[in-house]
Colleague: 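Here you go, one structure.
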There are 2 protein chains.
Amino acid sequence: MPEQSPGSRPTLEAVAARAGVSRATASRVVNGGAGVRQPLVDKVLRAVEELGYVPNHAARTLVTRRTGAVAVIIAEPEIRIFSDPFFSQQIRGISKELTAHDTQLVLLLLEGPGDFERIARYLAGGHVDGALAFSLHIDDPLPAIIRRSGTPTVYGGRPSWTSAPSDQGVPYVDADNRGGARAAVQYLRDLGRERIAHIAGPRDQTSSTDRLDGYRDVLLDADPALITEGEFTVESGARAMKELLDRRPDLDAVFAANDLMASGALRVLRERGIPVPDEVALVGFDDMVSVAEDTDPPLTTIRQDVEGQGRLMARLLLRGLDKDSAETHAPASVITPTTLVRRASA
Amino acid sequence: MPEQSPGSRPTLEAVAARAGVSRATASRVVNGGAGVRQPLVDKVLRAVEELGYVPNHAARTLVTRRTGAVAVIIAEPEIRIFSDPFFSQQIRGISKELTAHDTQLVLLLLEGPGDFERIARYLAGGHVDGALAFSLHIDDPLPAIIRRSGTPTVYGGRPSWTSAPSDQGVPYVDADNRGGARAAVQYLRDLGRERIAHIAGPRDQTSSTDRLDGYRDVLLDADPALITEGEFTVESGARAMKELLDRRPDLDAVFAANDLMASGALRVLRERGIPVPDEVALVGFDDMVSVAEDTDPPLTTIRQDVEGQGRLMARLLLRGLDKDSAETHAPASVITPTTLVRRASA
DNA sequence: CTCCACCCAGAGAGCGCTCCCAGGGCCTTG
DNA sequence: CAAGGCCCTGGGAGCGCTCTCTGGGTGGAG
């Protein structure tokens, strides 16, 4: 690769001149070369090589009205994005898919609660062709902002204002939280457990409520005392476990809405000398890397393919952006399957 | 904010027409309004408001040759970016600083070993004004690629080919690894420990070697049998601890090059019934969130301000990009201080 | 009262690219 | 052999913006 000449980079014009063709032809070659005779293609390609030509993105965007970039919007307070490999993994999947389609990833992290205005401006500015958003909380202003900007968007996780998979035509990708929870609880029941408790996640996230719904699907008449709530953290899981043991010392199983809380619960059970799974069986959710496998005993849990979800989000968005398939209209939502992973805790 | 009209967004031309001024004046107002009389400023501003005008970024970039975006390049295999809150935290800091300067963050994750070519093309394409890179390994091809592209770049962590802080004029931000290590070992010595072992990190990362150097600074004549190597993971820390205990069962302290390995070591010590810190004192490094504080006993460790480092990286880059201060030339590297955090493990 | 200087607004030229449209060459067919 | 058609190439307009340069108006000074 030729060293960058100081100052300006070569333009299409320069390439055309060197190849002895017109700018239009050079452009055609650079963009695939369809409808250009081979000898000319070769000449242009050689000129590109020799000059180290790289198309000017801004100029191209100006006329094509496509930026080749997609925003990833994460509107979460700091805490979660750190301790949770969830986002990193999701982003990894997104990045993989975008890269494969030659699309850039612009990361938009919300800085403080008043920062929505900035996001709105950015989207309205047409900097990106579309967006992938994680809107986890009820009453999140983000979806409204996004809708108003007219930016094609796919959500990660079921937005709170939807209730059915196909609702409102807002495309999203989510794990089968309810089905997974059902499978977990059913598994505990099949094990012969009769007093199955649930440590739910925050009430304002659909993943929590969906999992709670799944629990209730199986245990239609569950004692309310068997249900507590945590915040998806280790600490809150420990706290919840204590609460449950106070209320129902006779419980013989716990389904925690995520692995972090399950590991907190496990710690409390160990501290109290309650053998797992002999006396209390425990099932988590997520199959979180370097958590589920590393507890003692390792967690039986519900696995979801987080990276795959990220990939899918990107794919859905890209497909929607592709005008060729625009006939297919807005992409539909996708619910990805979950699987039960049996380890030692249940 | 007015709803986006279907199809095209309003242009400066439209704003100018509505305000009854020329495009040039409208442009001036949009860009700060210097040198325009107040009544006209007001008229233009009103037109902007009414039309919902947002400048076209591509057009602006085309003429100003500034993109208002910075690339963050992470060339790490998946594993680390997941389990390590390090990057997330660094990115948080970067994002904060960039946002404050109205600059966008384009995330470039390396997808597979052959992906450097793509990064090179991207940087050469002038999509971004500068880059922030994490090049952790010796023989990483990334720095060469970046240099060739001519993209102003600040590194996170001391690149391997530098040896002194001001070397080669390649700006980077790093914690005072050597000094921190020195403090850790000195602390153990002050505690009266005489056979202090070290679990080093991977040999091909400067943070590892710098910490090892710090250890050696204090223990000039350390028995080589007291030094092992891990891969900055919990598992490798456990393995290293076993190795050390085999070789030198009489050791009375361990300095691990990061908290993850320290927690692995701790597990082994507990399994073997060796009381910490009574018989073996343990010091980690990083003060990693949800690790150092959550072990049993909690880790004494060396804290570094990761988010602050990210912020600093962005600030350095932005300052270098700002032509006003271009006189100051390439930004200098910064070494951020570390502090010893005393907990129960030593 | 006149002249000059200064300040502010507008006209116009591009930035580098894509894409429409017209025209030229060559091959095919009558 | 001539005419028609088709494929390929080049010319040129224009995407939306910034910025230089020119010109007009106003205020102050002589």
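Just so we're on the same page: letters track the sequence lines, and every chain starts at 1.
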Colleague: Determine whether I74(A) and L110(A) satisfy the following criterion, side chain to side chain contact (heavy atoms under 4.5 Å, CB included), listing intermediate values before the conclusion.
Modeller: CA-CA 6 Å; I74(A) 298 183; L110(A) 201 78; over 6 Å; no
Colleague: So which protein N/O to nucleotides 17-20 of chain D N/O distances come out below 3.5 Å?
Modeller:
| unit_1 | atom_1 | unit_2 | atom_2 | d |
| --- | --- | --- | --- | --- |
| dC17(D) | OP1 | Y53(B) | OH | 2.4 |
| dC17(D) | OP1 | N56(B) | N | 3.2 |
| dC17(D) | OP2 | L12(B) | N | 2.4 |
| dT18(D) | OP1 | N31(B) | OD1 | 3.4 |
| dT18(D) | OP1 | N31(B) | ND2 | 3.1 |
| dT18(D) | OP1 | R60(B) | NE | 2.8 |
| dT18(D) | OP1 | R60(B) | NH2 | 3.2 |
| dT18(D) | OP2 | S27(B) | OG | 2.7 |
| dT18(D) | O4 | R23(B) | NE | 3.4 |
| dT18(D) | O4 | R23(B) | NH2 | 3.1 |

Colleague: Could you give the distance from CG (L318(B)) to CD1 (I94(B)), rounded to the nearest 0.5 Å?
Modeller: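 Between atom CG of L318(B) and atom CD1 of I94(B) there are 11.0 Å.
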Colleague: Test your reading of the model: is there a side-chain donor-acceptor pair from S95(A) to the backbone of G93(A), 3.5 Å cut-off?
Modeller: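 A pair under 3.5 Å: no.
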Colleague: For nucleotides 22-25 of chain C, which of its nitrogen or oxygen atoms have a protein nitrogen or oxygen under 3.5 Å away, and what is each distance?
Modeller:
none

Colleague: Do T153(A) and T151(A) have side-chain N/O donor and acceptor atoms under 3.5 Å apart?
Modeller: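 Their side chains do not contain a donor-acceptor pair, so the 3.5 Å distance test is not met.
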Colleague: Does dA9(C) have its OP1 or OP2 closer than 4.0 Å to a side-chain nitrogen or oxygen of S22(B)?
Modeller: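 Indeed not, no polar side-chain atom of S22(B) lies that close.
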Colleague: Going by distance alone, is a donor N or O of one side chain under 3.5 Å from an acceptor N or O of the other, for D129(B) and T67(B)?
Modeller: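 Their side chains do contain a donor-acceptor pair, which is all the 3.5 Å distance test asks for.
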Colleague: Looking only at the aromatic ring of each residue, does the gap between the centers of Y155(A) and F134(A) stay below 6.0 angstrom?
Modeller: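 Not under 6.0 Å, so no.
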Colleague: Taking DNA chain C as the partner, which of residues 35-44 of chain A come within under 4.0 angstrom of it by heavy atom?
Modeller: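 By residue number: none to list.
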Colleague: At what angle, to 10 degrees, do the two end axes of the helix from dC1(C)-dG30(D) to dG30(C)-dC1(D) meet, given five pairs define each axis?
Modeller: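 It works out to 50° between the end axes.
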Colleague: Enumerate the ring-ring contact (aromatic ring centres under 6.0 Å, His included) contacts for residues 21-42 of chain B, please, sequence neighbours excluded, ordered by first and then second residue.
Modeller: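 Matches after skipping sequence neighbours: none remain.
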Colleague: Please enumerate all residues that pass side-chain contact (heavy atoms from CB on, under 4.5 Å) together with A58(A), with sequence neighbours excluded.
Modeller: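 Scan of A58(A) (side-chain contact (heavy atoms from CB on, under 4.5 Å), adjacent residues dropped) gives N56(A), T61(B), L62(B).
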Colleague: Please tell me if the side chains of P152(B) and L317(B) come closer than 4.5 Å, counting only heavy atoms from C-beta onward.
Modeller: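 Yes. Closest side-chain heavy atoms under 4.5 Å.
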Colleague: Hey, what do you get for CZ (R148(A)) to CG (L123(A)), rounding to the nearest 0.5 Å?
Modeller: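 Rounded to the nearest 0.5 Å, the CZ-CG separation comes to 11.5 Å.
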Colleague: When the distance from CG of L62(B) to C1' of dC15(D) is rounded to whole Å, what number comes out?
Modeller: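 Atom CG in L62(B) sits about 9 Å away from atom C1' in dC15(D).
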Colleague: Got a second to check how far L312(A)'s CG is from E307(A)'s CD, nearest 0.5 Å?
Modeller: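 Atom-to-atom, L312(A):CG and E307(A):CD are 12.0 Å apart.
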Colleague: Would you check if there is a donor-acceptor pair between the side chains of Q38(B) and D42(B) at a distance under 3.5 Å?
Modeller: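 The criterion, which ignores hydrogens and geometry beyond distance, is satisfied for Q38(B) and D42(B).
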Colleague: Are the side chain of D174(B) and the backbone of I335(B) linked by a donor-acceptor contact shorter than 3.5 Å?
Modeller: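 A pair under 3.5 Å: no.
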